[in-house]
Each structure stands twice: as C-alpha cells, then as structure tokens.
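All remarks here apply to the structure that follows.
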Amino acid sequence: MSTNSEMPKTYEPAAVENKWYPLWEQRGYFHGKPDSRKKPYSIVIPPPNVTGILHLGHILNNTLQDILVRWRKMQGYEVSWFPGTDHAGIATESKVEKTLREAGKPGRDELGRAEFIKKIWDWRAEYGGTIIRQLRKLGTACDWERERFTMDEGLSTAVRKVFVDLYHKGYIYRGQRMINWCPVAKTALSDEEVIYRDTDGKFYHYEYPLSDGSGALEIATTRPETMFGDTAVAVHPADERYRHLVGKTVDLPLTGRKIPIIADDHADPEKGTGCVKITPAHDPNDFLVGRRHNLPVISILNPDASLNAECGPEFAGMDRFAARKKCVKMLEELGLMVKIEPIRHAVGYSERGDVPIETLVSSQWFCRMKQLAAPALEAVQSGKITFYPERWSKTYYHWMENIQDWCISRQIWWGHRIPAWYNRDTNEIYVGMEAPAGEAWEQEQDVLDTWFSSWLWPFSVMGWPEKTDALAYFYPTCDLVTAPDIIFFWVARMIMAGCEFMGDIPFKNVYFTSIIRDELGRKLSKSLGNSPDPLDVIDTYGADALRFSIIYIAPIGLDIRYSNEKCELGRNFANKLWNACRFRRLQGPVTAGFRDLSGVDHNLLTPDEKWIISWINEAVIMTNQALEEFRFHFAAHEIYELVWSTFCDWFIETSKVRLRGSEAEKQQVLQVLDFVLFKILRLLHPFMPFITEELAHQLDFLDENQTIMQEQFPRPLENMEIPSIMEKDHDLLDLVEAKFQLVRAGRSLRADYNIPDGKKINYFIKAVDRVNADFLTGETESLKILLGAAAIEISLEDYDAANRGAAPSQLANAGTIYLPLRRLIDIEGELNKLNGQKRELEGWIRGSRAKLANEKFLSKAPEKVVSAARGHLEELQQKLARVELLIRDLQ
RNA sequence: GGGCGAUUAGCUCAGUUGGCUAGAGCACUUGGUUUACACCCAAGUUGUCGGGGGUUCGAGUCCCUCAUCGCCCACCA
C-alpha cells in the first residue's frame, strides 16, 4: 500500500479511514468462525436502538469493545464480535408514529395494527441501518456477517420459547396487580422504567366531614383528584384520638358517597393528623390496605390519565392536572380546605413519555424473578463473573436480593406478541409456540417488554434455541462492555437468562463504562444542545483521534467531562506518530530486522539502542497487563508517553548522530528504528486502527495483501531473543538515563542565559566518577547533538574557574555541567541560585539524617527502604559538596 | 431514610499491596524558520493532596468524623 509519493507533513485521516474500512470488511478480517485449534474470544454488542443515531456514549462503549476485540485477535484468538440492533418497542413505535404524523399521513390509530406494524418495518428497512453504518466510521471490527435484530425470526423464536417454558414452569403468570402506567405511550411499564425526580408540588390538607355531623377528619395529599377513588379513611388501631370513630363513615366530598373509617397499621399516628385517605386503585400501599379490608377498587382514570366516568359528569374526560385544580377550588368553596403547603417530593416519571406516570391496577403478565435470581446472584458472588469496577457488584446484589416480579406485558404493537391465546367460548388460556387449532382462539393483544428479548441476546444472536456451531464455540462470551445505567434492565437479566436457559453464565467479565458529560458536568442531551455529533468530530479530527482522546481522558469509573477540543490531543498524537514514521521513511527503505532485529549483531547495540528496546519492552508488558485488567486509560497514557517522549523526544533525536555516521552505524540504527516502530504500530493498533494500518504499509512492514490486524500483538521479549538486552544491564540503562538528565541540565543553562537554540556553544562536564566519565566520553557525539554544542569537554578534574573564568553550572547525577561564557556572567544571580540549592539540600539532608537516626525506622522499615534512604543521604551530601565547591569558585 | 462515588496545580484528571523531593495533558511565561512534526521543539511557573482527628518509623494512599457536590435505591399519605 506504500506509495512512492512523499508522505504529507500532516496526517490526513479521512482518506485513510475511507480506504481501509471497506478493505477490512471485504476481506473478511472481522469474521470469526469456530476453529478448534484456536481459543475463542467473543463479545456481544449492547444492541443500540434501531431508531438511534450514534452519540458519544456509543463511541466510548464501542471503542472499548473494539480495543478488546482487536487486541485479542492479534493475540491469536479466534474472535467474533456479535453486532446488532434492538427493536426498542416503545421508542420505535412512538418515533414512527411521530414521523407519520409530521408527514401528515395516517397514524397508528387510523392504520390499525397490521398496517402500522408494516409501516414500522418499512421505516426500519429505510432508516434502521443508520447507527450500524455510523459504527463503521468509528472503525469497529464487528463480525457483520453475524448481525442480528431482536425481531429477526430466529430471535423471535427464542423469545417465544422462553415465554412458553417459563409459563409452563409457573414463573410467568397473568394477574391483576398495581402497575406503573405511562399515559403517553398508554402502556404498562416495569418498575425500572420509572424515573423518580424531585418535583415541586403542593401538599393539600382538607377535611372529610363525618356522616353523623359530629365533626370532620383532616387528611392530607399531594393529589386531591384521586379522592374520587377513595374507598376509606384509615387511622391507626392504637390511635386513641380516633378509636371511637372506627366503623363510622365520612361523607366523601364532591361525590355523595359515604366511605368507612377503618383501623389499619398503615396509618402512621405521627404523620400529619394520623388520618390517611385510601385509594386502592391508584396507590400501591392503599391497594394492600384495600385488600386487607375488602374495600372496593374504584379506578378513576382513562388510559391517557384523564378522569373517567367514575368521577361524575363534571370531571369525566378532564385532564388529571386540570381536575386537580378544579377539586381544590371546589373544596375551598365548600370550606373544607385547611391549608396548602409547598412540598418537594419525588415523582415518578415515564422515561419515554417524560410525564408523571400513574400507578393503577391492571391485568398484566408478570414473571416471577426470585428463583431466577438465585443462581445469577451466586455467579457474581462466587467470582464466576467479575465486575469492573468491582463496586458495581454491590448495586447488583442489592437489587437481586430484593428483586420483584417483572411486569413484562406492554400495550403497544411493536414487539414480540405474547404467545398466549384466549378461547372466546371457554375462557381457556393456551400458551404455546404456535396458535392452537380452531376458530375460537384469539391471540393476546399485548406484546412483551423490549428487554424480554434483550436478556436472551448473548445466546439468541448465536442461533439459540438451535444447537449451532457458533453457540458451541463462542458461548459463553468473554467480556461485556456496557453503561452502568442498564445494570438492572439488561446485565442482571442476561445473567439470569444465561443461567436458566444455557445452564451457564453469559459472560465472564463486565466492564462498566463511564458516563459522558459536557465540560460543565451536565448530562449530554439533545434539548441542552450539548451533545456533539460524533460524525462531525470524526470529520474534524479523525476517528483514531476521537477514539484515542476519549480513552485517554476517561477517568476510571468516573464520569467523563468531554469537549470537542479535547480531541486535539488525539489528533496531535496521531500527527506525531505520522511524522515519526515520515522521518523514518525519509532515511531510506525498510530493513530486514523490523520484526526481530535479525539484521543486527546484538552485541553491537549501542547503549541508546538498548535503552529504547528496553523501554519498548516495558511498554509492551504494561499495555498487555493493563488491558487484561480493563485499564484502558492507563494503557493509553503508557503508549502516549512511550511514543512522544521516550521515542520521539529522546531516541529519534539521539539516533540522528548515527544516521549521519558510517554506513554500518546507519544501517544498524535503521534496523532498531524499524524494530521499535513496528512494535509501536502494533501496540497502538487496537486504539488507533486506521493510522497504524496505514503506517505499517507506508513503511513497507506489510505488503498490499497483508494487514496489521493479523500481525501478532507485541509480547514481552524472552531471554533468548535479544540476549544483550535481557542481561538486565541496569547499570548501563541508568547511565543512559543520567546522560539525558545531564542534557536537560545543559539546556536549562542555555535557556537561563538566553542563548538561542541555533547557536553552537561549548560545555564542560565534570563527571562524578570514572565510570560516568568513560561513558559520557563515549557519548560525546550524542551529547553534542542533543545539546546543540560545538564541543564538549568531559573530565574528572574540576573546572578551572581561576584561569578560565567563572561559569554557570548545573548539577546532575552523572556530573556537573558548566557553560563557560566569553562574556561576564551574572555572578550574583548564580550565587543566589546556588545558595538556594544549598539551603534546599541542607533541608533534605536534615530530614534524611533525622529519619536515619530514628531507631524505630531502622528496626521496622524494610531493609530495602532503609538502604535506599542511606543511598539517598549519601547522594545529597555529595551534591551539597559539589554545590559548595561551585559557590567557592564564584567568590 | 439507605447505599455508592468524588474532593490532588487556574481547568480536566493520574497516583494499583502505605516507602526516594506528589505527576500528566490543557492553559500560562520565555526562547526557537536545528532538512519528521508550529497539530512542533526547548526551558520554565503553578500544590495547606476538602477540614479535623487517629493508626504507623513513615499517610495523597489505611481508619474515624465533619463539610460540599454527584449518582443509585426506598411505599411514606
């Protein structure tokens, strides 16, 4: 793929990204198939809503999965990442309804069930692929041949089978229960779909007159309009104030009904007046009270939460909030209102409808969860499944230990229709995979909760209930990457379903991602306009830049504060890498040693070369380890530092000496550059797939028919591979580090004296000992290029200030570096600097001595720490002596 | 009411079993047309590690407590 044309100075992502993705896909690199010689690695994507468009949450989530997938693939696993979309019942139905309405076309009610569902399928055919296409822009290595949709035939079969099995096991039942009702979608919701928001409301205190005229009971409520459903007033059995009234009745205002005063523990004598109105049809507690006392259940609401005929002609059909105002007004007019207090309380909202939900009694289908939860709870407790970060397991335990029956029926049309049939003649219920024979049977109108198909995803995507090869090979999956807000909706339920239907957990690790917020810490939302379109970001900065930036800035287990500008980090990094490779290409063609350094006699490696190879090796170890532990952020920092600082700032700069040296020197350093660069590109590939593929080809590491995706991910060097490196020659590597430190000191001197970088200058270095002196002498050329020096004198002798004139200096571990100047130096400034250093050193020495004089420290601290402290003190004392010498020279 | 998390440089955040003088990016200052890169290079500036107490030879790190902010769960009328 390499061209003869020169690489541009600036990396241009768009062309590169558009070139590679189709090639990868066409060549089948993303496809995994059962292969007994390899270990399987599988992930299922959290299926995005088919109506969805890509947002930053998807970017983070799918980048993380892509990193894992590409990393494992390069490690030699047989990998499949199962992609797909979710039919998202309520969301999709309302989206299509809205689209039709806006187009002025007939909507749901006009079309009728069959036609409306057909419209949704049409819509899905046209727009449902949007998010999937967008994911490709990000570079995700999804196994597209295995893409599924939760309403596909196979997945629908799985849903029906699960429903039927659970029904016959007695887990699924139909019954009248208090449920959550969304007045917008006009359907039941599960408890998890209700969002509680603190809302400002009013607390109304008013009176119900006793029927015998002997007074009144004061009750309090935030929802006066529910009084039409009141069927009792409760007081506590032990409440002396009201004991004599139990059994009597009150006149329920606005209705003409008389309702009994009952004694029930539910009434709390401490709260308010101790009297509580009982509305069994619209309050979960009251429902229970009603059951205990056999109270009538009067439902007062229509499906859209307007009041119904039970409330009398004046209120029938009225909106619940208008009715509330009217009730209050009428109670006031009757003189029954005692007081109205402002109150801030939690109100349940419907996630989709964005309106307060109603609780009401309704016939719905439920799934008993207690038994299903037991093995799923155990799976996490025992460590068969691990959560990252671990603390989410607490949330999981708490929910699982208190799990409630799951309301699974929905009064919408888009979804898996419940496989139950009612016999018009006999009222029998039949539950089965197919409709029973005969005319009398009519199928249940309701569909299932969307999550009733999602919870089967890890095995339904693999073909279950068929016994497929994919299922045998890829189940259970390895890792799951998802946001913590669906831990109950999805994660917990998948674990339950896996244990129940597969007899095995669905995945081994769950990584919970951060939640992305804007710079101000606000949630991203369309209405706030603070939700950047990832495709715009990709256009501006490139997919690799977006991927890398978001991983780089993502704190572990915390929310991410994102802004587009932060993508500059990734863009700049990509450009840095690009230019490092560009530099390499300008030096000549690829060498033979790029995979294994085979063209080099390892014994001839220079200290710098050993140093960079050792750092690469360190980064390889750290990256692999970090990815094992899902510490993506750490891995990204590690590689960034390696590339930018270690490789570019130091190694490339120092390599220039040898690139301009003899042919043998040049060839050797080119081999090392190739070896290091090819490792860097592979190390970085899972994070930045496009640019690494492009560069591997630009540098001719790979030919046209090869891909970096199929290259081996770097492994730590083994002893035999490069013996001279693995001697663990720490002394040598320390000398190299000390050389670089000395360079920094020298540059600092130059800056202090405002000498332009281009001006060649001379340095004098007094080495601390012979080892350093000899080493530095061997490195003179390297020092010259790094310091921009014309000449460097390295000596074991003191600088001859008397004859050569005072010179500013800096201490480093390897020695003291002097910058002799032909002009006068700022003696006073130098003395100030040195005296400051002297005081500082003296302070540390005092502290260090005190520590070493502490017997407890000597006896209790580990030997390693004590000897380190001794060494440190020695070092400080040496430095102090050197500083004192410098001061004397200046005086 | 219960649980979880956060509080470290102007900003965003690292800091894994306690152990050399607490780090990075951005921002800022100064200098730079060194044939890879100005999306760059070099040199700098910036900290009572939220407050208080405790354990320890040693605490940003462990324990207690308080404060502030955020999230989740909970039937309170």
Side-chain angles (χ1 to χ4, degrees), chain A residues 7 9-11 178 196 203 219-223 234 266-268 271-279 283-288 345-346 359 389 391-392 394-395 398-399 402 484-485 487-488 515 517 519 521 541 545 552-563 565-566 568-587 629 631 633-634 637 640-641 645 648-649 652-653 656 744 747-752 754-760 785 788 840 843-844 847-848 851 854-862 864-866 868-869 871-873 875-876:
Chain A
M7 291 166 70
K9 277 186 156 194
T10 304
Y11 173 55
M178 180 67 64
Y196 288 92
F203 205 28
I219 58 94
T221 180
T222 55
R223 305 203 45 197
H266 169 61
D268 182 349
K271 283 252 166 66
T273 57
C275 304
V276 57
K277 68 196 267 299
I278 302 298
T279 323
D283 181 280
N285 285 310
D286 293 4
F287 182 72
L288 299 174
H345 61 147
T359 45
R391 70 187 144 83
W392 288 107
K394 271 197 182 175
T395 309
H398 183 255
W399 190 72
N402 297 286
D485 52 357
I487 187 167
F488 308 138
I515 291 173
R517 299 174 174 278
E519 289 166 290
Y541 297 99
Y552 189 94
I553 64 171
I556 298 162
L558 289 179
D559 296 349
I560 299 175
R561 296 202 174 202
Y562 174 89
S563 64
E565 296 73 54
K566 289 187 175 173
E568 286 175 14
L569 181 138
R571 180 199 59 185
N572 295 353
F573 182 57
N575 196 52
K576 187 72 182 177
L577 182 71
W578 179 262
N579 273 288
C581 292
R582 180 169 178 267
F583 169 76
R584 167 61 192 88
R585 220 181 75 159
L586 290 171
Q587 308 307 315
E629 295 165 358
R631 299 173 68 204
H633 158 280
F634 181 78
H637 278 79
Y640 184 94
E641 167 83 10
S645 172
C648 291
D649 289 348
I652 287 191
E653 289 310 315
K656 286 175 181 171
R744 274 188 227 104
R747 286 171 177 171
S748 178
L749 282 174
R750 174 196 282 271
D752 285 349
N754 289 319
I755 299 163
D757 293 346
K759 187 170 159 62
K760 298 280 182 196
I785 198 165
E840 219 175 338
W844 287 328
S848 184
K851 191 193 236 180
N854 185 334
E855 267 177 46
K856 284 185 177 173
F857 174 68
L858 296 178
S859 60
K860 294 199 175 179
K864 213 172 62 186
V865 174
V866 175
H872 185 224
L873 175 60
E875 212 172 279
L876 289 171

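Since the model is a prediction, treat every value here as computed from it, not as a measurement. All chains are named by letter (A, B, ...) in the order of the sequence lines, taking the proteins before the strands, and each is independently numbered beginning at 1.
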Does the pair Met7(A) and Asn579(A) meet the rule for a side chain to side chain contact (heavy atoms under 4.5 Å, CB included), with working shown?
CA-CA 9 Å; Met7(A) 291 166 70; Asn579(A) 273 288; over 6 Å; no
What is the separation between atom OH on Tyr640(A) and atom P on G25(B), rounded to the nearest whole Å?
6 Å
Nucleotide nearest Phe488(A) (side chain, heavy atoms from C-beta), chosen from A42(B), C73(B), G19(B)
C73(B)
Considering all heavy atoms, the nearest Asn575(A)-Thr10(A) contact:
OD1-CA, 3.4 Å
Write down the distance separating the C1' atoms in G50(B) and G31(B), rounded off to the nearest Å.
39 Å
Give me the distance, rounded to whole Å, that separates G1(B) from U17(B) when you measure between the C1' atoms they each carry.
36 Å
Rounded distance in Å - CG (Asp559(A)) to P (U7(B))
12 Å
Euclidean distance for P, C75(B) against U7(B) (whole angstrom):
31 Å
Let me know, please, whether Glu629(A) or Val865(A) comes out on the 5' side of the other along RNA chain B by nearest nucleotide.
Glu629(A)
Do Arg223(A) and Asp283(A) make a side-chain contact, defined as non-hydrogen atoms from C-beta onward lying under 4.5 Å apart?
no
Suppose you measure atom C1' in G60(B) against the same atom in C37(B); what distance do you get, rounded to whole Å?
37 Å
Could you check how far CG of Asp268(A) sits from P of A77(B), rounded to whole Å?
11 Å
Using a heavy-atom cut-off of 4.0 Å across all strands, would you classify His872(A) as base, sugar-phosphate, or nothing?
base
Can you tell me the distance, in whole Å, between the CZ atom of Phe634(A) and the P atom of U16(B)?
10 Å
Counting the atoms with a prime plus P, OP1 and OP2 as sugar-phosphate, which does Arg223(A) contact under 4.0 Å by heavy atoms, base, sugar-phosphate, or nothing?
nothing
Atom-to-atom span, CZ of Arg517(A) to C1' of C69(B) - whole angstrom:
11 Å
Across the strands shown, which category fits Pro484(A) at heavy-atom distances under 4.0 angstrom: base, sugar-phosphate, nothing?
nothing
If you compare every side-chain N and O of Lys394(A) against the phosphate oxygens of G3(B) (OP1, OP2), does one of them come in below 4.0 Å?
no
So if I take every side-chain heavy atom of Trp844(A) and compare against U16(B), A77(B), U21(B), which nucleotide ends up nearest?
U21(B)
Rounded distance (Å) that lies between atom C1' of G18(B) and atom CZ of Phe857(A):
13 Å
Taking every non-hydrogen atom, the tightest pair across Tyr541(A) and Glu565(A):
OH-CA, 4.0 Å
Base-contact (B) and sugar-phosphate-only (S) positions in nucleotides 31-40 of chain B, heavy-atom cut-off under 4.0 Å, - elsewhere
B--B-BB-BS
Where does RNA chain B form stems of at least three consecutive Watson-Crick or G-U wobble pairs, each pair having both distances below 3.5 Å?
B:1-7 with B:67-73, B:10-13 with B:23-26, B:28-32 with B:40-44, B:50-54 with B:62-66
Minimal heavy-atom distance between Lys566(A) and Arg561(A), with the atoms involved, is NZ-O, 2.7 Å
For Arg750(A) and Lys759(A), work out which heavy atoms get closest and say how close.
NH1-O, 2.9 Å
So, OP1 or OP2 of A42(B): does either fall under 4.0 Å of a side-chain N or O from Ser748(A)?
no
Parallel, tilted or perpendicular for Phe488(A) and Trp399(A), by the 30°/60° rule?
parallel
Roughly how far apart, to the nearest Å, are U56(B) and C13(B) at atom C1'?
30 Å
Using atom P in both nucleotides, what's the gap between G23(B) and U45(B) to the nearest angstrom?
13 Å
Could you please name the option among U21(B), A43(B), G19(B) that lies closest to any side-chain atom of Ala861(A)?
G19(B)
Within the structure shown, what part of the strands sits under 4.0 Å from Ala267(A) by heavy-atom distance: base, sugar-phosphate, or nothing?
base
Once you round it to whole Å, what is the distance between C1' of A42(B) and CG of Leu749(A)?
13 Å
In terms of heavy-atom contacts, Ile785(A) and Lys656(A) come closest through CD1-CB, 3.7 Å
Which whole-number value in Å describes the distance from Leu858(A) CG to G19(B) P?
19 Å
If we take the C1' atom in both U46(B) and G53(B), what is their distance in whole Å?
30 Å
What's the gap between C57(B) and U48(B) when it is taken at their C1' atoms, as a whole Å value?
24 Å
Heavy-atom pair of closest approach, residues Ala869(A) and Ser848(A):
O-OG, 4.0 Å
Flag side-chain contact, heavy atom, 4.5 Å: Val865(A) against Phe857(A):
yes
Tell me whether the NZ or CZ atom of Lys576(A) lies within the 45° cone about the ring axis of Tyr640(A) and under 6.0 Å from its centre.
no
Under 4.0 angstrom, heavy atoms only, what part of the nucleic acid is Lys566(A) near: base, sugar-phosphate, or nothing?
sugar-phosphate
Would one find a side-chain N or O of Arg391(A) under 4.0 angstrom from OP1 or OP2 of C4(B)?
no
Please say whether more than 12 non-hydrogen atoms of neighbouring residues, nucleotides or ligands are located less than 6.0 Å from NE2 in His345(A).
yes
Classify Asn285(A) by what it touches in the nucleic acid, base, sugar-phosphate, or nothing, heavy-atom distance under 4.0 Å.
base
